[in-house]
2 protein chains.
Amino acid sequence: MTSKRPTIDDVARVSGVARVTVSRVLNGGPNVRDEVRARVMQAVEQLDYKVNPQARSLAGGASRLLAFVFASDPENDPNSYYESALELGALRACLALGYQVLVQNVPDQTPDYRKRVLDLITTQRCEGLILSPPYSDDVGLIQAVLAQGCKVVTVSPGGPGRGTTDGVGVDDEAGGYDLTRELLRLGHRRFGFIAGLEGHLSADRRLKGFWRALEERALGEADCVVLRGDFTFRSGTHLAPQLLDHPLKPTALVCANDDMAAGVLSAAHARGLSIPGDLSITGFDDAPVAAIVWPPLTTVHQPVKVLGQRAVELLVSRLNGVNSTPEPVFQQLKHAVVSRQTTGPA
Amino acid sequence: MTSKRPTIDDVARVSGVARVTVSRVLNGGPNVRDEVRARVMQAVEQLDYKVNPQARSLAGGASRLLAFVFASDPENDPNSYYESALELGALRACLALGYQVLVQNVPDQTPDYRKRVLDLITTQRCEGLILSPPYSDDVGLIQAVLAQGCKVVTVSPGGPGRGTTDGVGVDDEAGGYDLTRELLRLGHRRFGFIAGLEGHLSADRRLKGFWRALEERALGEADCVVLRGDFTFRSGTHLAPQLLDHPLKPTALVCANDDMAAGVLSAAHARGLSIPGDLSITGFDDAPVAAIVWPPLTTVHQPVKVLGQRAVELLVSRLNGVNSTPEPVFQQLKHAVVSRQTTGPA
DNA sequence: CCGGCAATTGGAAGCGCTTCCATGGAAGCG
DNA sequence: CGCTTCCATGGAAGCGCTTCCAATTGCCGG
């Protein structure tokens, strides 16, 4: 079909040097005269030569392969905005850096989830993993991966993941705090909170920030009903009634992400409540859905795509030794409260 | 760090056979006694041996690598539901089939988009491509890829892409038709239609089906205003006013996908219109957003995740020779009108 | 009982690249 | 001026696997 692709030997022949010299040029090695370097590059150009990554990794022992691991339940909706955006950012950074990223869906309910992640290293020869929640706080998993000689960067680690390896994320605690302050300013004093899945520690930090804001106003557990959802729209609609019918009569419902907030909003509509007149609702993430629902959702923006990008950059800087600080690096990006129209005076 | 991984030679030594025999067992080759096969498998088990895919592809000339190409504008939102779901389906099928898939975002406005797709083949040694719209109808691109000896499967080709290579999709024309019939049944006679981006032929087929249903009732161009959007929520909100203020006074707005329909819905809310009392709105895809907006959106369901899965299966069956029919195969999956609450009597 | 054929197994040769080590010449030093 | 040192380059080995071909065995009909 295709005439065979040119190999490094073809380049060597055309440019009149040894194969090893071509390899040096290609890898930016030292000790090559400029004149020779130029000659090789010209041959590369002329032949439209591309290195064979398989051969390179066989010989060099470096696969230049990363894996992005996410946990959504495969039987449900496709990856959420959060994961899609993370992935897109990672993809883009990889393109720029000459790495490839394998996207892997490893449901965390599966009993052998750890094995499946480790298999990425043994089977696919990945050199680095990007772990999203809840894996970003699974210290046992992270250490097992590290022990295999594979680098790890976590996205939105909530606590223990933080000290174990490099990570990126926003200050979720501050995000929750800022948002709650806003609600308090509007006069709300009775709250409902829909937290995220067990084990998603970064989402729990949002709740922590919420509590902190409440305490500053001498409010506490008696002033808020807390429920746990699973980050989906459906869990928002399912949980909303329990909050709305609670004797506490909350005036504001705070959700750990936008999808659940959208679910709550939908349930509120179904009851004929006026938003934000009868009830204020907030989300977290600033996913597209936040702008899509009616009325548009007040939420906390986090730059998810950039998070994905930075994660890869961090990982690659470890792999090529640019970054070799002994202690884990955590890159914290800025969040911002986005006040839209689901929040109003109590 | 890690003790070196076992190689095929280790397995050969442990099981007391030659390396080539191990290779045969691993690849399900014929002519190996059951006793030997068992012995080898046991050694594999014992050593926790995994083939090195890089070495295999170097030696065997098969990379077992596919690429999923999508076109969303990288500066905008992350991949839409349509693309995420496609990808997830593809990912899952690959896992089952022992292939890997590289996800590639190639914006189609970029002048060198064709080169970037072809580079996937030369640089990454992909053996098969999954092309989503609008690439699925870019015959020039498809043929260029095919000419490189790389297989192609298209998702939702709208016309020309169909005869060129294998594909999967639903009957978009029938989907548009069925939906419109429903609207006609409800008494609507004046329509607005927001079509998709130029070049997305499968989306245009939805419009074609719409016209067909109209013609059956002796309605035609005079009874509908057609605008083109770009599949985003924003384009729905932007375009809605032109439709709502049009002298034709449409009673139903039909959109080529759910995101745009959500945009229209939001714009309608902003004007204080009651849905579906004052206006009916429909989408297409049955993305999660269709159930999230208020009121939930009437739309046409298509099994996007399954589409991605089938695409990979089709591709792999070509690659391993299971399918070798000379003419292109098109696998058509079923669509279904989902009547929710944005449609009512005119 | 023997040539012949199929079933099983192994030896050897690479796939395209990098890494290790050797070579030759230019430059630096006392 | 003879020595070491550094730079630029090449030769050779080998990464872990598959594929091609040769060798060995067992069993058939004649």
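Letters A, B, ... mirror the listed sequences (proteins, then strands); counts begin at 1.
- By the salt bridge (charged side-chain N to carboxylate O under 4.0 Å, His left out) test, B/R116 pairs with no residue at all, sequence neighbours left out.
- One interatomic measurement links the two molecules: CG of B/D9 to C1' of D/dT18, which rounds to 12 Å at whole-angstrom precision.
- Contact of the B/Y99 side chain with the B/V316 side chain is registered, since non-hydrogen atoms from C-beta on lie closer than 4.5 Å.
- Residue pairs meeting the salt bridge (charged side-chain N to carboxylate O under 4.0 Å, His left out) criterion with at least one partner in residues 145-157 of chain B, sequence neighbours excluded, are absent.
- A/Y113 is linked by a ring pair (Phe, Tyr, Trp, His ring centres under 6.0 Å) to A/Y135, counting only residues two or more places apart in sequence or in another chain.
- Across all non-hydrogen atoms, the minimal contact from A/P157 to A/R162 is O-NH1, 3.0 Å.
- You'll find the side chain of A/L333 stays beyond 4.5 Å of the side chain of A/V168, heavy atoms only.
- Legend: residues meeting side-chain hydrogen bond (donor to acceptor under 3.5 Å, both in side chains) with A/E127, ordered by chain and number and at least two apart, are A/S63.
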Donor-acceptor pairs under 3.5 angstrom involving side-chain atoms of residues 16-24 of chain A: please list them, not counting sequence neighbours.
unit_1: A/R19; atom_1: NE; unit_2: A/D9; atom_2: OD1; d: 2.8
unit_1: A/S23; atom_1: OG; unit_2: A/N27; atom_2: ND2; d: 3.4

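- Against DNA chain D, the stretch residues 19-33 of chain A makes heavy-atom approaches under 4.0 Å through A/R19, A/V20, A/T21, A/R24, A/N31, A/V32, A/R33.
- Residues from residues 119-127 of chain A with heavy atoms under 4.0 angstrom of DNA chain D: there are none.
- Residues satisfying the side-chain contact (heavy atoms from CB on, under 4.5 Å) criterion with B/E45, sequence neighbours excluded, are absent altogether.
- One finds a salt bridge joining B/D48 and B/R5 here, because a Lys/Arg side-chain nitrogen approaches an Asp/Glu carboxylate oxygen to under 4.0 Å.
- Every pair tested for salt bridge (charged side-chain N to carboxylate O under 4.0 Å, His left out) that includes a residue from residues 54-63 of chain A fails, sequence neighbours excluded, so the list is empty.
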Read 5' to 3' with Watson-Crick or G-U pairs under 3.5 Å, [ ] for crossing pairs and | for partners on another strand, DNA chain C gives ||||||||||||||||||||||||||||||
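- Near-neighbour residues of DNA chain C inside residues 36-64 of chain B, defined by a heavy atom below 4.0 Å, number-ordered: B/V36, B/L58, B/A59.
- Under the side-chain contact (heavy atoms from CB on, under 4.5 Å) criterion, B/D34 pairs with B/R37, not counting sequence neighbours.
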